[in-house]
Amino acid sequence: MPLQFDLFTLLPEVCLAYTRESILKRAQEAGIVEFAVHNIRDYAEGKHQITDDLPYGGGGGMVMKPEPVFAAVETVLGAEMGRVPIILLTPQGRLFTQAVAQELTQHGRLALVCGRYEGFDERIRQHLATDEISIGDYVLTGGELAALAVADAVTRLLPGALGDPTGAQDDSHASGLLEYPHYTRPPEFRGWGVPEVLLSGHHAHIERWRREEALRRTYVRRPDLLARADLSAEDVRFIDRLRSGAEAAAGPSRGDDQGHG
Ligand code: ADE
């Protein structure tokens, strides 16, 4: 059964455009996911189908009215209300991480509700949403980019979505570490080489090199991640060597001639 995403938005074309390309497109064709994009305005009453209004108590900006959002979600989910997570995209939500993406793959269907304007009427949060997600500590003009980020990160975790048997298992954050550096042909570009070990064909050495580079990169760029990562005794020894300076923490610097010595 495909994982079904229902996106509720005032900008359906923006959402559809992204779902029609690349991995999301292929995952739909392969029956791994389905996308249904719903225009909240279609569920607004009256000649003008208004979806926003002034905030009670005054102040700037407009607020998304509750009626069209409730009507859209309740109509689309129907009898599945109560069984499907209804996720608001908002800067006030819990922070989206790879672990949250992994958690969301466990559901058969996900409703993603995008806000525009200054925010949602609080009753949407309290009485309709079952979850709220933020993709980072910054404010976007609307939830669409956030909903697409969530749909994309969840989809690529589903078996078969990447068309590669190893799937997303080596991605940055998959193991709690940043990913190791990648190289492809040519073996020398503008005098910059490729680390010898990658050309050696020695799989155990390549695996160890990749692991150490992932550890080194995480130690330098995101030491906060190391505390939560899944580390072997050998990993811990390597990090101790980085800390003590016995291993160069930065690795080869930009512009250095890598792989020639
Ligand atoms: N809507 C506006 N800003 C957002 C953010 N950072 N994450 C999720 N939804 C948003």
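Nothing here was measured: the structure is a model prediction, and the numbers come from that model. Read the numbers this way: they start at 1 and go in the same order the structure lists the ligands and their atoms.
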Write out the residue and atom name of the closest protein heavy atom to [atom], then the distance separating them to 0.1 Å.
{"atom": "atom 6 (N) of ligand 1", "value": "Tyr138 O, 2.8 Å"}
{"atom": "atom 3 (N) of ligand 1", "value": "Leu140 N, 3.0 Å"}
{"atom": "atom 7 (N) of ligand 1", "value": "Ile135 N, 3.0 Å"}
{"atom": "atom 4 (C) of ligand 1", "value": "Pro91 CD, 3.6 Å"}

Sequence-distant partners of His48, side chain to side chain donor-acceptor pair (under 3.5 Å), two or more places apart: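 So His48 forms no side chain to side chain donor-acceptor pair (under 3.5 Å) with any residue.
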
With a 4.5 Å limit on heavy-atom distance, are the side chains of [X] and [Y] in contact?
{"X": "Phe5", "Y": "Val37", "result": "no"}
{"X": "Leu225", "Y": "Leu177", "result": "no"}
{"X": "Val150", "Y": "Ile87", "result": "no"}
{"X": "Met81", "Y": "Glu74", "result": "yes"}
{"X": "Arg109", "Y": "Asp6", "result": "yes"}

Working for side-chain contact (heavy atoms from CB on, under 4.5 Å), residues Asp170 and Tyr180: CA-CA 9 Å; Asp170 283 344; Tyr180 53 78; 3.3 Å; yes

Whether Gly142 lies under 4.0 Å from ligand 1, heavy atom: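 Contact present.
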
contact_flag Asp137 ligand 1 heavy-atom lt 4.0 Å: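 Contact absent.
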
Glu207/Arg211 salt bridge by N-O under 4.0 Å criterion: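 Salt bridge: no.
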
Atoms in ligand 1 flagged as close to Leu89, the criterion being non-hydrogen separation under 4.0 Å: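 Ligand 1 atoms under the 4.0 Å threshold to Leu89: 8 (C), 9 (N).
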
Proximal ligand 1 atoms for Ile133, defined as those under 4.0 Å from one of its heavy atoms: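 Answer, ordered by atom number: 8 (C).
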
Short N or O distance, Val139 and ligand 1, threshold 3.5 Å exclusive: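 For ligand 1, there is no N or O atom that lies under 3.5 Å from one belonging to Val139.
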
Heteroatom distance test (Gly136, ligand 1): nitrogen or oxygen, under 3.5 angstrom: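 The answer is yes, given that Gly136 and ligand 1 share an N or O pair closer than 3.5 Å.
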
Part of Ala146 with heavy atoms under 4.0 Å of ligand 1, whether side chain, backbone, both or neither: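 Contact part for Ala146 vs ligand 1: side chain (C-beta onward).
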
Part of Thr141 with heavy atoms under 4.0 Å of ligand 1, whether side chain, backbone, both or neither: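 Within the 4.0 Å criterion, Thr141 makes no contact with ligand 1.
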
